[in-house]
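To keep things clear, I will list the structure first and then write my remarks on it.
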2 protein chains.
Amino acid sequence: MSVTLKQLAASLGLSPTTVSRALNGFPEVNAATRKRVEQAAALANYHPNTRAKSLATGRAQAIGHVIPVSTSHEIVNPVFADFIAGAGEVYARNGYEMILRVVPDDGEARAYRDLMARGSVDGVILHGPRTDDGRVAMLAELGLPFLVHGRTSGVSAPYSWLDINNQRSFHRATEFLCDFGHRRIALVNGLEEMDFAMRRRKGYLGALAAAGITPDPMLMRQAEMTEPYGYRAAQEMIQLPDPPTAFLASSMIVAYGILRGLSDMGLKLGRDISVITHDDELSYLPNDGDVPLFTATRSSVREAGRRAARMLLRLVAEPECGPLTELMETSLVLGASTGPVRT
Amino acid sequence: MSVTLKQLAASLGLSPTTVSRALNGFPEVNAATRKRVEQAAALANYHPNTRAKSLATGRAQAIGHVIPVSTSHEIVNPVFADFIAGAGEVYARNGYEMILRVVPDDGEARAYRDLMARGSVDGVILHGPRTDDGRVAMLAELGLPFLVHGRTSGVSAPYSWLDINNQRSFHRATEFLCDFGHRRIALVNGLEEMDFAMRRRKGYLGALAAAGITPDPMLMRQAEMTEPYGYRAAQEMIQLPDPPTAFLASSMIVAYGILRGLSDMGLKLGRDISVITHDDELSYLPNDGDVPLFTATRSSVREAGRRAARMLLRLVAEPECGPLTELMETSLVLGASTGPVRT
DNA sequence: TCACGTTCCCAAAACGCTTTGGACGGGCGA
DNA sequence: TCGCCCGTCCAAAGCGTTTTGGGAACGTGA
């Protein structure tokens, strides 16, 4: 095992009290003594035992993330890894541990209760909120500080969240396509139980309405966001009697599927047909360069992770700072995948 | 706060000792008493405080994962999320917590030492081993149980690992292409500092040698596995004086890039040109259906996560069960992306 | 009746830290 | 010189568990 506070104190001829205070920056310890303690600690590679420390202080110094993995659709959200990377960075810098719990999605409530009762975490981040998500009320009732990545409509009580402006994004993207003369615009969305997908559809519908276009149910799809889903959506829609001239995709993965579907039909993006996607800036799917492949509404999910973590740490430190909210705007980047409608 | 053992004991008119023993299944407690205690515990939603428990037992009941995030190439391995999902499942089922630590890649050694010194974990899983990875020796010296996901050549001392048979996989894939008459086969590999990439190249070279083909450096690339990397590799190689007739890709993402590069040149996979990729069975990039899009060497990284977790838990429970190793074979699935060489 | 096991329970120590409530001198002003 | 405060340190009591080392009550066999 490693060296303990008591051992360190003994080796210095000091009491544990003094050593503790010296290392934690309390004023009532002689500067010379402090220096001596700090050097000895560094030399002995002393690190206070996390569990003992948090038992004594009552703070867990850890943040929990619960990831539900449904047994039906076994999708692990690809966005998750980058979000975690961002958040983890901030936790580490602030001396917090990140604990992940993978649970079957019917055991999520139990997972939160358990984390709370065992005192394993000081707060949690809620992932993938649905349109009317009961988890928010449950967490509020539990009294565990939490922050939602996204939002959930239909919950009236205020809560803390960080979200991107999904509605505005897709409104703007749709508008952009309309300005190019497109009137047959397809929406290839994520599952609409998810709050973000619902908001995106609202943005899309709003822009259509503003342009005097009647939405066509044949041009709207929702499903788990995989590559083949995008492929099939593109192939099938393009064969409609009155096919779309533009596509709005909910993620890069789906957009790649759409691209493949369209080029299999001999269509070239930007010339024959337009595609706009949302781009989370996943590191292995960079959409940059002089002219990005896709025109996209862009927002770094990594940065979202960082901000979410900072907000939650603040909530933990000062619980009475009230619900914190942040709405991140996306940018519309011009790529090679859009152009005027082909007549 | 939640209810403590002492409170529970008091409310039952028992001593903490007895309650503890009752709940932990010790024999020296009356069956009736045990029943009473269990009911009271369930009613009060009692869960033992993790930190107190592990302080008393000396076991952290947690496994650590350290993910290095380099500041230069900020790639979060997409494979990571699915591996974690698999491992997390097993941890949860066994009452272990998963703790993640995101560190700048020059701080990785420090992170392990820190986790060890603070006693935060009972073991760690080492991700993304390089060809000659010093971390293995460091962990061995630390005395913290660990398991490597992958292997590292050039480390002589035995250690525990779980890997897929990369060399055999790529040997077989190359062979498969040779059997179709291909002699100009390109390898679009991951960074060869990574051990898996090095092994794949060995498999590829071995098969070429067996077929009497001299490897061409112009047909071998290595880089971070992004979609644009695959795209560029395909486009540039296809314009060589003596272009490849087949591609071997190190991941689905890269394969999609290659596909896009080739179809931009008007080439059709399986007919004009062949592509084989390694498929980790990431949930959002399913390569299935009646005829999968890509011919692939396939192995579920999610399952790898589950197995790795089980192995590590075993190592933690019985440290003297010696280094554990497991080599998973991949399967070669036939897709639509390969065919005889076009003459 | 007595010695001796069982059965069932408990008091107290321990895990490694923080924090409370002093203790002990030395310097200062009066 | 005395009294007081301040700077510096420490002993001991927690935090919520587990675990060690009994101990009382109740048979049981001789």
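Side-chain atoms are counted along with the backbone in the values below, which use heavy atoms only and exclude waters and symmetry mates. Remember, predicted model here, so these are calculated numbers, not experimental data. In what follows, chains carry the letters A, B, and so on, assigned in the order in which the sequence lines appear, proteins first and then strands, with residues in each chain numbered from 1.
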According to a strict under-4.0 Å criterion, is [X] in side-chain N/O contact with OP1 or OP2 of [N]?
X       : N      : result
B/Ser15 : C/dC9  : no
A/Thr33 : D/dC9  : yes
B/Tyr46 : D/dG16 : no
B/Asn30 : C/dT7  : no
B/Ser20 : D/dT18 : yes

If you check every side-chain atom of [X], which of [options] has the closest atom?
X       : options                : answer
B/Thr18 : C/dC10, D/dC15, D/dT17 : C/dC10
A/Ala56 : D/dG16, C/dG21, C/dT18 : C/dT18
A/Arg21 : C/dC17, C/dT19, D/dT18 : C/dT19
A/Arg59 : C/dT19, D/dT8, C/dC17  : C/dT19

May I have the distance from [X] (atom [atom1]) to [N] (atom [atom2]), rounded to whole angstrom?
X       : N      : atom1 : atom2 : value
A/Leu12 : D/dC9  : CG    : P     : 12 Å
A/Leu8  : C/dG16 : CG    : P     : 14 Å
B/Leu23 : D/dT19 : CG    : P     : 13 Å
A/Glu28 : D/dC6  : CD    : P     : 14 Å
B/Asn49 : C/dG16 : CG    : P     : 17 Å
A/Arg51 : C/dC17 : CZ    : P     : 10 Å
A/Lys53 : D/dT17 : NZ    : C1'   : 21 Å

Rounded distance (nearest 0.5 Å) linking atom CD of A/Glu108 with atom CD1 of A/Ile67:
10.0 Å
Between the side chains of A/Glu303 and A/Arg306, is the shortest nitrogen-to-carboxylate-oxygen separation below 4.0 Å, so that they form an ion pair?
yes
Presence of salt bridge, A/Asp195 and A/Arg151, under 4.0 angstrom
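No, no charged N to carboxylate O under 4.0 Å.
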Taking the nucleotide of DNA chain C with the closest heavy atom to each, which residue, B/Val19 or A/His47, is nearer the 5' end?
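Per heavy-atom nearest nucleotide, the more 5' residue is B/Val19.
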Assuming nearest nucleotide by heavy-atom distance, tell me which of B/Pro27 and A/Leu5 is located more 5' along DNA chain C.
B/Pro27
Quick check: on DNA chain D, is the nucleotide nearest B/Phe26 upstream (toward 5') of the one nearest B/Leu55, or the reverse? Name the residue that is more 5'.
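On the 5' side of the pair lies B/Leu55.
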For B/His65 and B/Phe80, take the angle between the two ring planes, folded into 0 to 90°, and tell me which bin it lands in: parallel under 30, tilted 30 to 60, perpendicular over 60.
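Perpendicular: the ring planes of B/His65 and B/Phe80 meet at over 60°.
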Hey, can you tell me if A/Phe83 and A/His127 have their rings parallel, tilted or perpendicular (30° and 60° cut-offs)?
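A/Phe83 vs A/His127 ring planes: perpendicular.
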Sugar-phosphate only, base, or nothing, as touched by B/Thr17 at under 4.0 Å among non-hydrogen atoms
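Answer is base: heavy atoms of B/Thr17 come under 4.0 Å of a base.
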